[in-house]
Q: 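Please find one structure pasted underneath; my questions will follow.
Chain A is the first sequence line, chain B the second, and so forth, proteins listed ahead of strands; every chain is numbered from 1. Fair warning: this is a prediction, and the values are worked out from it, not measured in the lab.
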Amino acid sequence: MDEEKILRKYARKADPQSLPPTIRFEYDEHTLTVYDAYPKSVFHFLILPRIVPPLTAGRLASLRTLLQGDKAQAKEVLDRLDAAAKIVREQIEAEMLNRFGYKWSIWTGFHAVQSMEHVHLHVISSDLCSPSMKNKKHYNSFHPEHGFFLPLEEILSWPEAEPSWYATMSELRPSQYEPFLKESLSCWRCYKEFKNMPLLKEHLQEEWDAEAKRERARLERKQKLEQDRLKKADRGESPSAKRQRESSPSDPEPKRQRADSPSQSTQD
DNA sequence: GTTCTAGAAC
DNA sequence: GTTCTAGAAC
């Protein structure tokens with residue numbers, strides 16, 4: 001089987017369950033999520049639209065062929081990928097907490113010019129630390145500033161835009177995007193430039209380590225505050241003193257979890 | 001997409 | 001001399 005058409009082969013499977021678990025992550029009626037065979041980050045998945053009528057292999061050959069076809073159909077495919085990506089991100093975040101004790105950002109988007117046939121949405125953690133991250137092209141294809149990586153959120157807004165603008169964007173001309181891959185090696189977090197990949201990789205690892213340290217310390221402070229609050233509450237401390245501590249300025253991030261659910265306080 | 005490798009860069 | 005890149009081959 002032609003290596004280049006490997007994704008199309010997966011997307012064609014009537015029964016994705018038959019794919020080995022080393023390749024298959026999960027699937028639903030319209031999408032299939034696989035592990036990237038050469039992950040460029042700690043977490044790196046590809047979400048493929050499955051080839052189910054009326055969708056054809058030709059229509060799903062690339063993001064370009066999808067966008068240049070029926071607009072409503074394109075929108076539907078993108079929405080299904082979006083829904084699948086949300087679920088994958090939740091699972092990645094759970095795994096981040098399990099294995100690393102904190103969560104870091106996850107990017108969801110397409111390469112403007114894909115190298116493997118068949119539409120595939122990248123869901124990739126922002127560390128960009130992986131043995132398979134080997135050259136400038138690899139790195140720049142995910143650099144959030146260079147423009148080669150197209151966030152799904154952005155593409156979802158295209159069909160709502162001016163039709164002539166939509167048509168222009170849908171061309172996804174390689175000549176427009178390929179130069180982005182040749183830009184100098186700069187850290188996407190601090191913009192510092194590096195002479196070669198080994199030096200950049202070393203720096204990316206340091207950035208990620210620093211983030212881990214920062215985030216773990218922040219979570220610890222938060223948990224300690226919470227424990228103290230509960231202790232004080234048990235002793236019947238005045239509600240006003242409690243409120244004062246709760247509005248701690250060191251933790252501006254809004255949290256989904258209510259502070260008064262002690263049963264879950266270790267997870268966050 | 002990867003592997004291989006010649007020659008540039010250091 | 002060794003490391004690294006980048007283009008060709010697959």
Q: I'd like to check R80(A) versus P49(A) (side-chain heavy atoms, cut-off strictly below 4.5 Å). Are they in contact?
A: no
Q: Using the six-membered ring wherever Trp is involved, compare the ring planes of H44(A) and F142(A) and label them parallel, tilted or perpendicular (cut-offs 30° and 60°).
A: perpendicular
Q: With respect to the phosphate group of dG1(B), does any side-chain polar atom (N or O) of H120(A) fall under 4.0 Å of OP1 or OP2?
A: no
Q: Using a cut-off of 4.0 Å on non-hydrogen atoms, how would the nucleic acid contact of K40(A) be classed: base, sugar-phosphate, or nothing?
A: sugar-phosphate
Q: Please work out whether the ring planes of H143(A) and Y139(A) are parallel, tilted or perpendicular, with thresholds of 30° and 60°.
A: perpendicular
Q: Could you go over nucleotides 3-10 of chain B and give all protein N or O partners under 3.5 Å, atom names and distances?
A:
none

Q: Roughly, in whole Å, what's the span from CG in L199(A) to P in dT2(C)?
A: 19 Å
Q: Give me the ring orientation class for F148(A) and H111(A): parallel if the planes are under 30° apart, tilted from 30 to 60°, perpendicular past 60°.
A: tilted
Q: Check for me whether K71(A) meets the cation-pi criterion with Y166(A), that is, NZ or CZ under 6.0 Å from the six-membered ring centre and within 45 degrees of the ring axis.
A: yes
